[in-house]
Amino acid sequence: SQQGEEDPQALSIQEGENATMNCSYKTSINNLQWYRQNSGRGLVHLILIRSNEREKHSGRLRVTLDTSKKSSSLLITASRAADTASYFCATSQGAQKLVFGQGTRLTINP
Amino acid sequence: DAMVIQNPRYQVTQFGKPVTLSCSQTLNHNVMYWYQQKSSQAPKLLFHYYDKDFNNEADTPDNFQSRRPNTSFCFLDIRSPGLGDAAMYLCATSRESNNEQFFGPGTRLTVL
């Protein structure tokens, strides 16, 4: 069953604006990860946040995790055209695998 | 540079003709994964190896098989491809389970 559900499915903003994507999940997790996928390419790991962490930063990325609400958000600040991609959350539940959400397609307009 | 390599990048096969996709890694990671991804969908895990231990997902069709002859290589065999098997196939590795995964560029499979 699909663990992560992402919102919105598609997001289009102007260059320089901030982009926020949300992920909800259903069961307890070990960690939650965010990945980026450019069209026709493999996924690239962005950031991992553990279940005992609430916020994590990496460059222009900020990830929050609320385990009480079973939700996470990814914020990309000062967006650039190169940020255009699909973004997936993935949850690790203790088994040797990740379960990916459906993804958010982000378009940055110049 | 350490990486995950997939060959070929594009594969065309005929309906019912067996096809093998390959993945190699220079990261010396314990875990290797195969995902199927259809257009605008999430990657769907087919199976994974932890070292030599094979783990099949319950809903992976019998048509899909995998081999991992050594740490570096992993193969995906599709015994009788159907039109519904046309997709991007992604290989990924991780040092340990639940760690970040490193993905190859994928092989796009077309079934005629």
Same cluster or not: are A:V44 and B:L90 linked, directly or through other Ile, Leu, Val, Met, Phe, Trp or Tyr residues, by side-chain heavy atoms under 4.5 angstrom apart?
no

Same hydrophobic cluster for A:L48 and A:V99, using side-chain heavy-atom links shorter than 4.5 Å among ILVMFWY?
no

Quick check for you: to the nearest 0.5 Å, what is the distance between B:H48 atom NE2 and A:K97 atom NZ?
8.0 Å

Just checking B:K38: does its NZ atom have more than 12 heavy atoms from other residues, nucleotides or ligands closer to it than 6.0 angstrom?
yes

Chain B neighbours within residues 50-58 of chain A, where any heavy atom lies under 4.5 Å away
none

Would you mind telling me which of A:S86, A:G103, A:G40 has the largest number of heavy-atom pairs within less than 4.5 Å of chain B?
A:G40

Return the set of residues passing side-chain contact (heavy atoms from CB on, under 4.5 Å) with A:A90 (not counting sequence neighbours), or none when no residue passes.
A:Y35, A:L98, A:F100

Does anything in residues 70-77 of chain A reach chain B? List residues with heavy atoms under 4.5 Å apart, or say none.
none

Quick check on B:Q6 against chain A: is it the side chain, the backbone, both or neither that has a heavy atom closer than 4.5 Å?
neither

Which pair of heavy atoms, one from B:A42 and one from A:Q102, lies closest together, and at what distance?
N-OE1, 3.7 Å

Same cluster or not: are B:L46 and B:V111 linked, directly or through other Ile, Leu, Val, Met, Phe, Trp or Tyr residues, by side-chain heavy atoms under 4.5 angstrom apart?
yes

With a 4.5 angstrom heavy-atom cut-off, is it the side chain or the backbone of B:N99 that approaches chain A, or both, or neither?
backbone

If you count the non-hydrogen atoms of other residues, nucleotides and ligands that lie under 6.0 Å from CD in B:Q14, is the total more than 12?
no

Is there a donor-acceptor contact under 3.5 Å linking the side chains of B:Q37 and A:Q37?
yes

Option in A:Q9, A:R41, A:H45 with maximal non-hydrogen atom pairs under 4.5 Å from chain B
A:H45

Contacting region of A:L43 [heavy-atom separation from chain B under 4.5 Å]:
both

Same cluster for B:V4 and B:W34 if Ile/Leu/Val/Met/Phe/Trp/Tyr side chains link at under 4.5 Å?
no

Working to the nearest 0.5 angstrom, can you tell me the gap between A:S92 OG and B:Q101 CD?
9.0 Å

Above 12 or not: heavy atoms from other molecules or residues under 6.0 Å from CZ of B:R9?
yes

Side chain, backbone, both or neither: which part of B:Y35 has a non-hydrogen atom closer than 4.5 Å to chain A?
side chain

Check whether B:M3 and B:L21 end up in the same hydrophobic cluster, where Ile, Leu, Val, Met, Phe, Trp and Tyr are linked by side-chain heavy atoms less than 4.5 Å apart.
no

Interface residues of residues 69-78 of chain B facing chain A - non-hydrogen atoms under 4.5 Å apart:
none

